[in-house]
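For reference, the structure is listed below as structure tokens.
Just the heavy atoms: all of them, side chains too, but no hydrogens, waters or symmetry mates, feed the values below. Please read these numbers as outputs of a predicted model, since none were measured by experiment.
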Amino acid sequence: MFIAGVALSRYGGAWLHRTIPVMWREGNEPTSSEVSDVKDCGIFSLEGVKDIIQSLKLENQVALENLAFMCTYGKRNCITQSMYRGPLSYGKIFGLVWSKLSGGTVQCM
């Protein structure tokens, strides 16, 4: 699993960018120089494993940003302003989404 994560992070960025739905894309495909610039960041790198606590904090922040981006359909729906007002947290994200779903709102643009 670790090797697959390393391979995807190093060589699969452009493929992954093309694979995900358009509404969840932000910006262009990563260039090889952008990938090279961050090759020693996160838990899927040797340097990242050396400082695992800092790497886990970074990965958590990236996960929060990605989850918020997906839940707001690329910052384009009715919970976008509430989502990005103040710091992100899992509780905030799930609370905002749950309040819309429990109120019967499935799609809000």
Side-chain angles (χ1 to χ4, degrees):
M1 179 92 152
F2 181 77
I3 293 172
V6 170
L8 184 59
S9 66
R10 296 265 171 100
Y11 309 109
W15 170 81
L16 187 60
H17 186 84
R18 289 188 302 269
T19 304
I20 60 175
V22 174
M23 68 181 153
W24 290 336
R25 293 183 198 166
E26 186 174 28
N28 298 320
E29 293 181 8
T31 64
S32 51
S33 66
E34 289 171 328
V35 172
S36 180
D37 289 345
V38 295
K39 70 178 179 182
D40 292 328
C41 295
I43 60 173
F44 295 110
S45 69
L46 183 57
E47 291 300 315
V49 173
K50 290 179 183 177
D51 188 2
I52 195 71
I53 299 300
Q54 187 61 34
S55 293
L56 288 172
K57 288 179 182 178
L58 173 66
E59 295 290 348
N60 182 60
Q61 191 58 39
V62 170
L64 275 172
E65 282 289 333
N66 287 330
L67 183 60
F69 188 80
M70 289 176 65
C71 289
T72 60
Y73 295 107
K75 299 181 181 179
R76 291 185 295 229
N77 71 6
C78 62
I79 62 173
T80 300
Q81 286 184 345
S82 299
M83 183 76 72
Y84 289 98
R85 187 179 309 122
L88 290 174
S89 69
Y90 291 108
K92 179 181 187 178
I93 294 169
F94 288 117
L96 287 169
V97 171
W98 178 250
S99 70
K100 288 298 177 185
L101 292 177
S102 64
T105 303
V106 178
Q107 181 178 5
C108 61
M109 294 293 178

Q | L96 vs C71 side-chain heavy atoms within contact, under 4.5 Å | A | no
Q) How long is the gap from OG1 on T80 to CZ on R85, to the nearest 0.5 Å? A) 11.0 Å
Q) Out of curiosity, Q54 CD to E47 CD, how far, rounded to the nearest 0.5 Å? A) 13.5 Å
**Q.** Flag, side chain of R25 to backbone of R18, donor-acceptor distance under 3.5 Å
**A.** yes
(Q) When you group the ILVMFWY residues by side-chain heavy-atom contacts below 4.5 Å and let the links chain together, are W15 and I20 in the same group? (A) yes
Q: Taking all heavy atoms of G86 and all of K92, pick out the closest pair and write down the distance.
A: O-NZ, 3.6 Å
Q | Same apolar cluster (I L V M F W Y, side chains within < 4.5 Å links), L88/L58 | A | no
**Q.** Non-hydrogen atoms of H17 and E26 that approach each other most closely
**A.** CE1-O, 4.3 Å
Q) Between P30 and A14, which heavy-atom pair has the shortest distance, and what is it? A) CG-N, 4.0 Å
Q | Working for side-chain contact (heavy atoms from CB on, under 4.5 Å), residues L64 and Q61 | A | CA-CA 5 Å; L64 275 172; Q61 191 58 39; 4.3 Å; yes
Q: Supply the atom-to-atom distance I93 CD1 to T72 OG1, rounded to the nearest 0.5 angstrom.
A: 9.0 Å
Q: Indicate if Y90 and M83 have the same hydrophobic cluster label, given that clusters are the connected sets of ILVMFWY residues with side-chain heavy-atom separations under 4.5 angstrom.
A: yes
(Q) I'd like to know if L67 and Y84 are part of one continuous hydrophobic network [Ile/Leu/Val/Met/Phe/Trp/Tyr, side-chain heavy atoms within less than 4.5 Å]. (A) yes
(Q) Strictly distance-based, threshold 3.5 Å: is any side-chain N or O of S55 a donor or acceptor partner for the main-chain N or O of D51? (A) yes
Q: Kindly indicate whether the side chain of Y73, heavy atoms from C-beta on, has any atom under 4.5 Å from the side chain of I79.
A: no
